[in-house]
Student: 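Pasting a structure below so you can have a look.
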Amino acid sequence: MVAGSDAGRALGVLGVICLLRCFGFISCISQQTYGVLHKNVTFHVPSNIPLTEILWKKQKDKVAERENSEFRAFSSFKNRVYLDTVSGSLTIYNLTLSDEDEYEMESPNISNTMKFFLYVLEPLPSPTLTCALTNGSIEVQCMIPEHYNTHPQLNTYSWDCPLEQCKHNSTRIYFKMENDLPQKVQCTASNPLFKRTSSIIPETCIPSSGHSRQRYGLIPVALAAVVTYVVLCVRALVQPIPAFPASSASCISSN
């Protein structure tokens with residue numbers, strides 16, 4: 001019975017902790033925040049009371065603090081941060097890639113610790129669309145250029161065209177050449193801050209211009225005409241040549 005009571009109390013405590021997390025009184029998980037390289041980002045703190053003392057840290061290093069009505073910024077954040085002394089929110093200007101990390105705000109005026117994980121993203125370039133013929137199908141691939149390597153795991157892809165294939169979110173889609181191809185296919189690459197779209201005409205993926213499929217249909221007709229011509233020529237060659245009729249004129253020898 002004692003063991004059962006202990007287990008019940010442990011579950012109760014765990015339940016309370018979960019409720020506190022849900023209502024924001026305990027913050028153990030960093031809020032994901034996204035900023036653009038060379039732009040500004042703000043860590044918003046939901047506080048409605050003036051904070052007399054505030055300390056912001058990046059990992060264990062101090063970023064900014066307010067103590068005894070005095071504000072100080074530290075290290076590379078000097079002249080690059082603004083601290084809202086009412087809410088405790090922190091704004092960082094002119095973001096660099098090295099600013100990416102976990103940030104934490106502490107204050108004796110509030111019971112919980114606020115944590116944010118900052119992702120610094122570069123502007124997303126337009127995706128590149130390429131196509132190739134694979135086993136009778138047109139393969140269209142959508143990719144962000146290789147020079148963009150800022151958190152590629154955050155990129156997602158979507159397609160826009162009237163066919164079923166475009167409902168799948170992937171970097172590749174396929175079209176059968178014997179089917180009607182859409183006039184245009186669009187691919188949209190997105191991350192939490194940016195969205196870029198590029199398009200391609202599937203007909204241009206077929207060799208020798210977009211009308212090659214019609215030309216493919218004319219090949220049997222042309223081949224039949226050539227065969228017919230050859231057969232007629234062979235028949236003309238094997239037929240016997242008609243003999244010319246003997247001349248009716250007679251030769252009279254003179255005495």
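Here the structure is a predicted model, which is why all the values come from computation and not from measurement.
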Student: Answer with yes or no whether the side chains of T197 and T188 bring together a donor and an acceptor at under 3.5 Å.
Tutor: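 Present: a donor and an acceptor within the cut-off.
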Student: Ignoring hydrogens, what is the shortest heavy-atom contact between G88 and L51? Give both atom names and the distance.
Tutor: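 Result for this residue pair: CA-CD1, 3.7 Å.
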Student: Start with the C-alpha gap between I92 and N40, add the side-chain angles, then the distance that decides, and say whether side chain to side chain contact (heavy atoms under 4.5 Å, CB included) holds.
Tutor: CA-CA 6 Å; I92 304 176; N40 310 330; over 6 Å; no
Student: For residues 30-39, which residue pairs qualify under salt bridge (charged side-chain N to carboxylate O under 4.0 Å, His left out), counting only residues two or more places apart or in two chains?
Tutor: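 Residue pairs with at least one partner in residues 30-39: there are none.
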Student: What are the two closest non-hydrogen atoms of H151 and V120, and how far apart are they?
Tutor: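 Closest approach of H151 to V120, heavy atoms only: CD2-O, 4.1 Å.
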Student: Hey, could you give me the CD1/CE distance between I54 and M114, rounded to the nearest 0.5 Å?
Tutor: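 The CE atom of M114 is 12.5 Å from CD1 of I54, to the nearest 0.5 Å.
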Student: Search all heavy atoms of C142 against all heavy atoms of L129 and return the closest pair with its distance.
Tutor: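 Closest heavy-atom pair between C142 and L129: CB-CD2, 3.4 Å.
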Student: Return the set of residues passing salt bridge (Lys or Arg N to Asp or Glu O under 4.0 Å) with K57 (not counting sequence neighbours), or none when no residue passes.
Tutor: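 Salt bridge (Lys or Arg N to Asp or Glu O under 4.0 Å) check on K57 returns E106.
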Student: Test your reading of the model: is there a side-chain donor-acceptor pair from S75 to the backbone of F77, 3.5 Å cut-off?
Tutor: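 Flag not set: sc S75 to bb F77 has no pair under 3.5 Å.
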Student: Does one side chain, of T150 or E122, offer a donor that lies under 3.5 Å from an acceptor on the other?
Tutor: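 Yes, side-chain donor-acceptor contact under 3.5 Å.
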Student: Roughly how far, to the nearest 0.5 Å, is the NE2 atom of H168 from the OH atom of Y174?
Tutor: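 Here the interatomic distance stands at 12.5 Å.
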Student: Does the pair D99/R80 count as a salt bridge with the N-to-O cut at 4.0 Å?
Tutor: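 Between R80 and D99 there is a salt bridge, with a charged N closer than 4.0 Å to a carboxylate O.
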Student: If I compare all heavy atoms of A73 with all of K78, which pair ends up nearest, and what's the gap?
Tutor: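 It is O-CG, 3.4 Å.
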Student: A quick test of your reading: do over 12 heavy atoms of other residues, nucleotides or ligands sit less than 6.0 Å from CG of N169?
Tutor: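 Count over threshold, so yes.
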Student: May I ask whether L193 and L154 are part of the same hydrophobic cluster, defined by side-chain heavy atoms of I, L, V, M, F, W, Y residues being less than 4.5 angstrom apart, directly or through others?
Tutor: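 Linked, L193 and L154 end up in one cluster.
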Student: To the nearest 0.5 angstrom, please state how far the OH atom of Y119 sits from the CG atom of D101.
Tutor: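 So the OH of Y119 and the CG of D101 are separated by 11.0 Å.
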Student: Working to the nearest 0.5 Å, report the span between CD of Q183 and CD1 of I201.
Tutor: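 These two atoms lie 8.5 Å from each other.
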Student: With sequence neighbours excluded, what pairs up with E70 under the salt bridge (Lys or Arg N to Asp or Glu O under 4.0 Å) test?
Tutor: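 For E70, no residue satisfies salt bridge (Lys or Arg N to Asp or Glu O under 4.0 Å) once neighbours in sequence are set aside.
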Student: Which atoms form the tightest heavy-atom contact between L97 and L37, and what is the distance?
Tutor: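 In this case the closest contact between L97 and L37 is N-CD1, 3.7 Å.
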Student: Do P182 and P202 come within less than 4.5 Å of each other through their side chains, counting heavy atoms only?
Tutor: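 Contact flag for P182/P202 side chains = yes.
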Student: Between E102 and K58, does at least one N-O distance fall below 4.0 Å, as a salt bridge requires?
Tutor: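 No.
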Student: Go through T33 and V41 one step at a time and tell me if the side chain to side chain contact (heavy atoms under 4.5 Å, CB included) criterion holds.
Tutor: CA-CA 8 Å; T33 305; V41 70; 3.7 Å; yes
Student: K195: which residues meet the salt bridge (Lys or Arg N to Asp or Glu O under 4.0 Å) condition with it, sequence neighbours left out?
Tutor: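 None.
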Student: If you take all heavy atoms of L118 and L95, which pair is closest and at what distance?
Tutor: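 Closest approach of L118 to L95, heavy atoms only: CD2-CD2, 4.1 Å.
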Student: Going by distance alone, is a donor N or O of one side chain under 3.5 Å from an acceptor N or O of the other, for N109 and E53?
Tutor: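 Short answer, no.
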Student: Quick one: do the Y34 and Q32 side chains pair a donor with an acceptor below 3.5 Å?
Tutor: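 Distance-only check passes for Y34 and Q32.
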Student: Under the rule for salt bridge (Lys or Arg N to Asp or Glu O under 4.0 Å), what residues qualify as partners of E100, not counting sequence neighbours?
Tutor: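 Counting only residues at least two positions away or on another chain, E100 forms no salt bridge (Lys or Arg N to Asp or Glu O under 4.0 Å).
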Student: Rounded to the nearest 0.5 Å, what's the gap from CD on Q165 to CG on L163? Could you check?
Tutor: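 Reported value, rounded in 0.5 Å steps: 5.0 Å.
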Student: Using 30° and 60° as the class boundaries, would you call the ring planes of W56 and F116 parallel, tilted or perpendicular?
Tutor: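 Plane angle between 30° and 60°, so tilted.
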Student: Checking side chain to side chain contact (heavy atoms under 4.5 Å, CB included) for the pair C187/Y157: CA distance, chi angles, key distance, verdict?
Tutor: CA-CA 7 Å; C187 173; Y157 300 86; 4.2 Å; yes
Student: Tell me if a side-chain donor or acceptor on R66 pairs with a main-chain N or O of D84 at a distance below 3.5 Å.
Tutor: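 Not confirmed, R66 side chain does not pair with D84 backbone.
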Student: How would you list, by chain and number, every residue that makes a side-chain hydrogen bond (donor to acceptor under 3.5 Å, both in side chains) with Y93, sequence neighbours excluded?
Tutor: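 side-chain hydrogen bond (donor to acceptor under 3.5 Å, both in side chains) list for Y93, sorted by chain: empty.
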